[in-house]
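Side chains included, hydrogens not; waters and symmetry mates left out as well; all remaining heavy atoms used.
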Amino acid sequence: MAFYYDEPSRTFSEYLLIPGYSSKECVPAAVSLKTPLVKYRRGEEPALSINIPMVSAIMQSVSDDRLAVALAQEGGISFIYGSQTVEKQAEMVRKVKHYRAGFVVSDSNVSPDMTLADVLELTERTGHSTIAVTADGSANGKLLGIVTNKDYRVSRMEQDTKVGEFMTKLEDLVYGYEDLTLKEANDIIWEHKINCLPLVDKDHNLMYLVFRKDYDTHKKNENELIDASKRYMVGAGINTRDYAERVPALVEAGADVLCIDSSEGFSEWQKITIDYIREHYGDKVKVGAGNVVDGEGFRFLAEAGADFVKVGIGGGAICITREQKGIGRGQATALIDVARARDEYYQETGIYVPICSDGGIVHDYHVTLALAMGADFIMLGRYFARFDESPTKKVNINGSYMKEYWGEGSARARNWQRYDLGGDKKLSFEEGVDSLVPYAGSLKDNVTLTLSKVRSTMCNCGALTIGELQKKAKITLVSATSIVEGGAHDVMLRNNLHN
C-alpha cells in the first residue's frame, strides 16, 4: 500500500508571519541579507556566499550574460542556462567574467552588406538604437562604422538600402583604444559631446562601447558580487547527459558555481554527475543539485556531495509537471520538510548544506516567508523575466507592454535534458508553457523594492540576519476567509469607478 502523508501540501499564500519584538536597533538599514551559497563545516566560513538571497533561474528566457551582470551588480548570482551548445554557454560565462563596469560588449551588430530592414528588425528586437557595423557582423569584428537612428529616415529610404550606404563611417567617428580607463573614456565622451564611444584593439577590432547614459549607473555598488580578482561572479546550469564535455568548458570559462538543472533530482543520474566532478576537480568546483521535495531526497543529494540542494517540483509559474505527471508538492510544505532534514544533517555531520527554494513565489512577501521557513536563498524565473535585462522580447499587447517567458520543459525550449530519465534523447511531452508576463522595468529598481520589503518584514520579526529570522520567526496557517480579509474588502475601489 502507498505511503500517505498526514498533512496536505501547502503553498506560501497559506501562511503569514507573526510580528516579534523589535528593538530600536532593528531598522531596515541594519539588516544583512548575506547568505551562504555552498556547503561548509561547522565553525568555518563558506567558500562562496551571496550578498542578497536571490538567484536567477536556469532558463533561456531568464538567465543570459546581460542579466547575470545586472544581478551580480545587486549582489545576487545568475545561473546561465544550459539548453544551448556548450560553446555558446561558455561564451556567455566568459562575457560576464570579462565584463568591465561601463564597458559594454556590443550585442547589436550588423555587417555593411546588411540592409535597413535588418537594422530596424534588430532595433525592434533589442530596443537598442546604437548598432555597431563590423566587417563580419560580429561583436568583435573589425569596426567599420556605427548606425544610430540619426543615420536613416524610414519614410525616405528603401528597406533594402545597404548599411554601408548610410552608416557613419569609422573615419568620421570619435573612437578610442581598449586600454582606456572608464574615466578617460567618459572624459572623451564629454569633450566631444557624443553619446557613445567605441573602443577598439590595435587591429581596429571592436572591443567595447561606452555610453554617456551609463555614466551615473556605474558608481560603486557596495553589494556587488565579485570574486578575488574583482570580476563579477556567475553560475551555470549543467545536465546529467553531456557533463563530461560541458563542465570542463564552463570551468575554463570561469564559472564560479554550477548547478545540475533537473525537474526531479532524487536520481542516480545526479550522483553520477557529482561523482564525475569530484573525481576530476575535487571540491574545487562547486555544484548544486536538485530538485527535491522531501527530506529523503535532500539526504540523498547531500550524501552524494552536492554543495547546495534545490527544492521544488511543479511550483513554477510556467511549470505544468504536476498537471502532466502528477508529481510534486506544495512549495511551502516541501521547503519546511527539506529545511528540517538540512538541520538534522548539520547536527549529525557538522556540514551545513544550503537549500534553495525554487518556485512558488507570487508576491514579494513570499520571499521573506521562504527564508523564514529555512531557505538560504531563492531561485526566481518569472520575477526576473519581466525586466529590461532578461533576454526576451518586449511586446505590446493591447496597449500594455509584456515580456515573453517560456519554460524549459516547453516545446519552444526543447530542453529534453532537464526532464530526462534515461532512454531516448527527446522531449516526449511538454512540462512547461510558453507565455507572457507584464513588463516591469529595470532589474535594479525592482530588486531594490523587493528587498526593502524583505528587510522591513525581518525587522517586524526582530531579525537582522537571515539566520536570526529562521530562529525567531513565528509562522501561522491562514484560513481561506482570512486570506480574503487580508486584501482590500468591503469597499469600492476608486479605480473601478472609472472603468
TODO: Cation-pi check, R42 to Y346: give yes when NZ or CZ is under 6.0 Å from the six-membered ring centre and within 45° of the ring axis, no otherwise.
DONE: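 Because its charged atom sits under 6.0 Å from the ring centre and within 45° of the axis, R42 does stack over Y346.
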
Task: Pi-cation contact, Y99 with R94 (under 6.0 Å, within 45°) - done: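 Verdict for Y99: no cation-pi partner in R94.
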
Could you check if a side-chain atom of [X] sits within less than 4.5 angstrom of a side-chain atom of [Y], using non-hydrogen atoms only?
X	Y	result
Y40	E45	no
F79	V257	yes
I226	M233	no
T450	T448	no
E264	N291	no
L209	F103	no
Y208	V104	no
L225	Y232	no

Task: NZ (K271) with more than 12 external heavy atoms under 6.0 Å - done: no

Task: Whether over 12 other heavy atoms sit under 6.0 Å from E44 CD - done: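 Enclosed: over 12 neighbouring heavy atoms sit under 6.0 Å from CD of E44.
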
Closer than 4.0 angstrom, basic N to acidic O: yes or no for [X] and [Y]?
X	Y	value
D376	R342	yes
R299	E303	yes
D294	R329	no
D307	R278	yes
K403	D388	no

Open item on the list: Students often mix this up, so state it plainly: with edges at 30° and 60°, are the rings of H363 and Y365 parallel, tilted or perpendicular?
Closed with: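 H363 and Y365: parallel rings.
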
TODO: Start with the C-alpha distance between M402 and K394, add both sets of side-chain angles, then the distance that settles side chain to side chain contact (heavy atoms under 4.5 Å, CB included), and finish with yes or no.
DONE: CA-CA 6 Å; M402 311 287 284; K394 184 170 72 173; over 6 Å; no

[X] and [Y]: which non-hydrogen atoms are nearest, and at how many Å?
X	Y	value
P391	D64	CB-OD2, 3.2 Å
A370	I361	CB-CD1, 4.5 Å
L301	G265	CD2-O, 3.5 Å
S63	S78	OG-CB, 4.3 Å
A236	A255	CB-CB, 4.5 Å
K474	P19	NZ-O, 3.6 Å

Atom pair [atom1] ([X]) and [atom2] ([Y]), whose distance is rounded to the nearest 0.5 Å:
X	Y	atom1	atom2	answer
M458	T368	CE	OG1	8.0 Å
F300	S267	CZ	OG	6.5 Å
L371	S357	CG	OG	8.5 Å
H280	D275	NE2	CG	11.5 Å
M59	I80	CE	CD1	14.0 Å
T481	E485	OG1	CD	9.0 Å

Does the [X] side chain pair with the main chain of [Y], one donor and one acceptor, at a distance under 3.5 Å?
X	Y	result
K286	D283	yes
D242	R246	no
Q270	I260	no

Task: side chain to side chain contact (heavy atoms under 4.5 Å, CB included) assessment of V437 paired with F387 - done: CA-CA 10 Å; V437 291; F387 303 151; over 6 Å; no

Task: side chain to side chain contact (heavy atoms under 4.5 Å, CB included) evaluation trace for F384 with L67 - done: CA-CA 8 Å; F384 287 115; L67 188 124; 4.1 Å; yes

Open item on the list: For the residue pair T457 / N460, report whether a side-chain donor-acceptor contact shorter than 3.5 Å exists.
Closed with: no

- [ ] Check the side chains of T11 and Q331 for a donor-acceptor pair under 3.5 angstrom, ignoring hydrogens and angles.
- [x]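 Side-chain D/A pair, Q331 to T11: absent.
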
Open item on the list: Are Y352 and Y345 an aromatic pair, judged by ring center distance below 6.0 Å?
Closed with: no

Open item on the list: Before you tell me yes or no, could you show the steps for I355 and F308 under side chain to side chain contact (heavy atoms under 4.5 Å, CB included), namely the whole-Å CA-CA distance, both residues' side-chain angles and the distance that decides it to 0.1 Å?
Closed with: CA-CA 6 Å; I355 56 177; F308 66 85; over 6 Å; no

